[in-house]
Amino acid sequence: MSRGRNIPQHIAVIMDGNGRWAAKKGLPRFMGHRAGMTAVREVIEAAADAGVRYLSLFAFSTENWKRPSDEISALMALLVEYLDREIVELVNRGVRMTIIGDRSRLPPEVAQAVQDAEERTRSNDRLQVNIALSYGGRWDILQAARSIALEVKEGLLDPEDMTEDMVSRYLATGGVPDPDMIIRASGELRLSNFYLWQAAYSEIWSTPVLWPDFRRHHFEEALQAFSVRQRRYGEVFGEEPDPC
């Protein structure tokens, strides 16, 4: 990967297609989630090698709590297993792990595992990996609104002083730049309640590849696609602006 290429500072990934991958192979859904762990490893390595500074992985949404309890338990156990198995490699690669989402719903052993991973990687600064766990874009905006309302109620904040940048600081991703690109596996063309505020001007790249089959070369395809896109942010470049 050429470092002279225009590399996104922050890439977010919707890791979709684990269940369909398993179904196609006649396997239980759990095996699709397990197979997806290989893709996670490859994408983290590829992002670090490319010079990406922030990588967000949508691991478990607020809506996923509606799934069968045995599938939820299996997913949570997989997360603990992944962190236990990969933490040394993450530390060695300079990866900082952060968890964003509603931690109040996590089983105690999962909450402890993610807290331990954050503490062990806190001083790393090569790549920050945000694991969106029990996360939803609407939940994020709601919890930010509640925090803002509380400060207004306590007289600590004047509503007239609010700006978009200020609202962003109250989100779960406060302090992290908005994603330049969102990668969606499995060919779907929707955000699925992920980063609703943060994705306002993100470039979206969708691939039909199911997440367990996603590899480094797919990630590099996304980087190549990003490098040729023009990001206008509502402006007009290369031509006279409309007089109206």
Establish, from distance only, whether the side-chain atoms of [X] and [Y] form a donor-acceptor pair under 3.5 Å.
{"X": "S56", "Y": "H10", "result": "yes"}
{"X": "N130", "Y": "T98", "result": "yes"}
{"X": "D102", "Y": "S104", "result": "yes"}
{"X": "E220", "Y": "Q224", "result": "no"}
{"X": "W65", "Y": "S134", "result": "yes"}

Test item: [X] side-chain N/O and [Y] main-chain N/O as donor-acceptor pair under 3.5 Å:
{"X": "S61", "Y": "N64", "result": "yes"}
{"X": "N193", "Y": "G137", "result": "yes"}
{"X": "N18", "Y": "G36", "result": "no"}
{"X": "S202", "Y": "P179", "result": "yes"}

**Study point:** Side-chain cluster (under 4.5 Å, hydrophobic types only) that I100 belongs to, other residues
**Key:**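 Via sub-4.5 Å side-chain contacts, I100 links to I14, F58, Y135, W139, I141, I148, V152, L157, M162, M166, V167, Y170, L171, I182, L191, F194, Y195, L196, W197, I204.
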Review point. Which ILVMFWY residues are connected to L150, directly or by a chain of links, through side-chain heavy atoms under 4.5 Å apart?
Key: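 Members besides L150: none; it forms no cluster.
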Compare every heavy atom of [Y] with every heavy atom of [X], then report the nearest pair and how far apart it is.
{"X": "M76", "Y": "L133", "result": "CE-CD1, 4.4 Å"}
{"X": "A35", "Y": "P212", "result": "CB-CB, 3.8 Å"}
{"X": "E188", "Y": "S206", "result": "O-OG, 3.1 Å"}
{"X": "V52", "Y": "L127", "result": "O-CD1, 3.2 Å"}
{"X": "I183", "Y": "A222", "result": "CD1-CB, 3.6 Å"}
{"X": "P28", "Y": "A22", "result": "O-CB, 3.3 Å"}

Do [X] and [Y] have side-chain heavy atoms sitting under 4.5 Å apart?
{"X": "V129", "Y": "R96", "result": "no"}
{"X": "F214", "Y": "V13", "result": "no"}
{"X": "R146", "Y": "L142", "result": "yes"}
{"X": "T207", "Y": "E221", "result": "no"}

Please check if atom [atom1] in [X] has more than 12 non-hydrogen atoms from other residues, nucleotides or ligands closer than 6.0 Å.
{"X": "E164", "atom1": "CD", "value": "no"}
{"X": "R53", "atom1": "CZ", "value": "no"}
{"X": "R229", "atom1": "CZ", "value": "yes"}

Point to revise | Partners meeting salt bridge (charged side-chain N to carboxylate O under 4.0 Å, His left out) with E118 (sequence neighbours left out) | key: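 E118 satisfies salt bridge (charged side-chain N to carboxylate O under 4.0 Å, His left out) with R103 once adjacent residues are dropped.
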Review point. Can you name the residues that form a salt bridge (charged side-chain N to carboxylate O under 4.0 Å, His left out) with R215, not counting sequence neighbours?
Key: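 For R215, the residues satisfying salt bridge (charged side-chain N to carboxylate O under 4.0 Å, His left out) (neighbours in sequence not counted) are E42.
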Going from [atom1] on [X] to [atom2] on [Y], what distance comes out if it is rounded to the nearest 0.5 angstrom?
{"X": "E109", "Y": "Q112", "atom1": "CD", "atom2": "CD", "answer": "10.0 Å"}
{"X": "L223", "Y": "R216", "atom1": "CG", "atom2": "CZ", "answer": "10.0 Å"}
{"X": "T121", "Y": "R93", "atom1": "OG1", "atom2": "CZ", "answer": "15.0 Å"}
{"X": "L156", "Y": "E151", "atom1": "CG", "atom2": "CD", "answer": "5.5 Å"}
{"X": "M97", "Y": "L90", "atom1": "CE", "atom2": "CG", "answer": "4.5 Å"}
{"X": "M181", "Y": "Q9", "atom1": "CE", "atom2": "CD", "answer": "14.5 Å"}

Check your understanding: Quick one: ring-ring contact (aromatic ring centres under 6.0 Å, His included) pairs with a partner in residues 20-52, sequence neighbours left out?
Key ->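 ring-ring contact (aromatic ring centres under 6.0 Å, His included) check on residues 20-52 returns no pairs.
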Check your understanding: Looking at D49 and R126, does any basic side-chain N land under 4.0 Å from a carboxylate oxygen?
Key ->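 Salt bridge: yes.
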Point to revise | Carboxylate-amine/guanidinium proximity below 4.0 Å for R184 and D16 | key: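 Looking at R184 and D16, the cut-off is met.
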Taking distance alone, no hydrogens or angles, what donor-acceptor pairs closer than 3.5 Å link side-chain atoms of residues 77-86 to residues at least two apart or in another chain?
residue	atom	partner	partner atom	Å
E81	OE1	R34	NH2	3.0
E81	OE2	R34	NH1	2.8
E86	OE2	R41	NE	2.9
E86	OE2	R41	NH2	2.9

Point to revise | Step-by-step side-chain contact (heavy atoms from CB on, under 4.5 Å) determination, V176 to Q128 | key: CA-CA 9 Å; V176 175; Q128 178 171 317; 3.6 Å; yes
Point to revise | D140 and Q198: CA distance, side-chain angles, deciding distance, side-chain contact (heavy atoms from CB on, under 4.5 Å) verdict | key: CA-CA 10 Å; D140 199 1; Q198 299 89 331; 3.1 Å; yes
Practice item. Step by step, work out the side-chain contact (heavy atoms from CB on, under 4.5 Å) result for D180 and Y54. Key: CA-CA 10 Å; D180 302 293; Y54 301 91; over 6 Å; no
Practice item. Begin with the C-alpha distance, continue with both residues' side-chain angles, and end with the deciding distance and a verdict on side-chain contact (heavy atoms from CB on, under 4.5 Å) for V88 and R120. Key: CA-CA 9 Å; V88 172; R120 291 185 64 178; 4.2 Å; yes
